[in-house]
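Notes for the one structure printed next.
In what follows, chains carry the letters A, B, and so on, assigned in the order in which the sequence lines appear, proteins first and then strands, with residues in each chain numbered from 1. Note: hydrogens, waters and symmetry copies are ignored here, and every other heavy atom, side chains too, is used.
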2 protein chains.
Amino acid sequence: MGVFSRTCEYAMRAVFFIAHRTPEGTRVGIKDISEGIDSPAHFLAKILQDLSRRGIIHSAKGPNGGFYMTEEDLSRPLSDVVEAIDGVQIFKGCALGLKQCSEKNPCPLHHEFKAIRNDLTKLINGTSIKSFNEDLLNGMTSLKK
Amino acid sequence: MGVFSRTCEYAMRAVFFIAHRTPEGTRVGIKDISEGIDSPAHFLAKILQDLSRRGIIHSAKGPNGGFYMTEEDLSRPLSDVVEAIDGVQIFKGCALGLKQCSEKNPCPLHHEFKAIRNDLTKLINGTSIKSFNEDLLNGMTSLKK
DNA sequence: ACAATTAAAGAGTTTTATATCTTTAATAAA
DNA sequence: TTTATTAAAGATATAAAACTCTTTAATTGT
Ligand code: SF4
Ligand code: SF4
């Protein structure tokens, strides 16, 4: 596995996809999303239900229903998605899996690892979904496989 | 989970522990190691068997047997351990789990993420087990929980 | 040769992550 | 009010990771 769990990868891709596809109060269905980001539809449904319950994205049932994101949703940092799925371990946890981190008595990887962890936190926490989305709209980036 | 799998965390801790405990041709048994790094003994045995088969550490059966590391073993980068257990995904894989990485058409996280991934690679690949071990011997770092 | 010690190997079990399928509830439009 | 459409929820199923227990093989010292 990479840095994030597969579930979390799907979640992030889906969030970018929804953000990209629902600019003006429109909605996008689970089928479109799962095809657009290449993930199993039913599994992704579970993930989006979870994000929706947490208020990270929004959804509406019925005809013309689907998933969408409000301006407030878009202004959230990507870390909200990651923490909802994978928790904070990736931002706070130890490289060697030790329970207590001591600055006084650190494990061999401590100093460099901490810097890397901080950079990751800064990237994921310090940038809004919207700003990633703007890159997508500018055609600079892509979610296609 | 943190950056590495739990199995990989055990492997790294065990390697540092063995390096620390077998300075002059001595050996250390699975029991001592598993207690020293707080991991399940039989499970760790499997992991060390694997590392031993790959020549990353060495072992000897019988009385006064156990695990040990040669000078050559110690000079290896920690990335050998990580790659043996978790593979190269962590160093090469995409944040969003996309299959093909395109510099031309990158995913939204690409640029910053790549930098972080490179830093991690540099840390794990660019430093020998011995040098971590020297920190341990100097009492600067610890594996105790 | 024999007994003791140690890792290696084999064969599970348990837990967690990932994935699928079915049924229900909400909404909208006719 | 009925039908179509959509997400939510529930119930499993499958696969992978983590862990345990038992047996075997190698080595040492007596
Ligand atoms: S010493 Fe550093 S790497 Fe180790 S657990 Fe603490 S913060 Fe994490
Ligand atoms: S675009 Fe960047 S983050 Fe995305 S898969 Fe490629 S290298 Fe990884």
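Regarding Asp32(A), its CG atom lies at a distance of 12 Å from the C1' atom of dT6(D), rounded to whole Å. Between Phe43(A) atom CZ and dA8(D) atom P there is a gap of 16 Å when expressed in whole angstrom units. In this structure, His58(A) atom NE2 and dA8(D) atom P are separated by 11 Å, rounded to whole Å. When rounded to the nearest whole Å, the span between CD1 of Ile85(A) and P of dT18(C) equals 10 Å. The distance from atom CZ of Arg54(A) to atom P of dA8(D) is 14 Å, rounded to the nearest whole Å. In this structure, the CG atom of Asp38(B) is 14 Å from the C1' atom of dC19(D), given to the nearest Å. Gln49(A) places its CD atom 16 Å from the P atom of dC21(C), with the value rounded to the nearest Å. When the C1' atom of dA7(C) is taken as reference, atom CZ of Phe67(B) falls 6 Å away, rounded to whole Å.
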- Task: Given side chain to side chain donor-acceptor pair (under 3.5 Å), test Thr121(B) with Asn118(B) step by step and report yes or no.
- Result: CA-CA 5 Å; Thr121(B) 304; Asn118(B) 285 347; 5.0 Å; no

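Side-chain contact between Ile124(A) and Leu109(B) is present, with at least one heavy-atom pair separated by less than 4.5 Å.
Distance from the side chain of Pro63(B) is smallest for dT27(D) among the nucleotides dA19(C), dT27(D), dT6(D). The side chain of Lys61(B) has dA8(C) as its nearest neighbour among dA8(C), dC19(D), dT22(D). When distances run from any side-chain atom of Asn64(B) to the nucleotides dT5(C), dG29(D), dA9(D), the shortest one goes to dG29(D).
Between dT6(C) and Ser59(B), no contact under 4.0 Å exists linking OP1 or OP2 to a side-chain N or O. Residue Arg6(B) has no polar side-chain atom (N or O) positioned under 4.0 Å from OP1 or OP2 of dT16(C). Contact check, Ser52(B) against dA8(C): a side-chain N or O comes under 4.0 Å of OP1 or OP2. Distances shown here put every side-chain N or O of Tyr10(B) at or beyond 4.0 Å from the OP1 or OP2 atom of dA18(D).
A salt bridge links Arg54(B) with Asp50(B): the closest approach of a Lys/Arg side-chain nitrogen to an acidic carboxylate oxygen falls below 4.0 angstrom.
Taking CD1 from Ile30(A) and CD from Glu35(A), the interatomic distance works out to 10.5 Å, rounded to the nearest 0.5 Å.
Arg27(B) comes within 4.0 angstrom of no nucleic acid atom, judged by non-hydrogen atoms across all strands. Here Ala60(A) lies in heavy-atom contact (under 4.0 Å) with sugar-phosphate atoms only.
Of the two residues near DNA chain C, Thr7(A) and Lys31(B), the one whose nearest nucleotide lies more 5' is Lys31(B). Mapping Gly62(A) and Arg53(A) onto DNA chain D by nearest heavy atom places Gly62(A) closer to the 5' end of the strand.
Between the side chain of Lys46(B) and the base of dA9(C), at least one donor-acceptor pair of N or O atoms lies under 3.5 Å.
Nearest heavy atoms, Ile33(B) versus Leu44(B): CG2-CD2, 3.7 Å.
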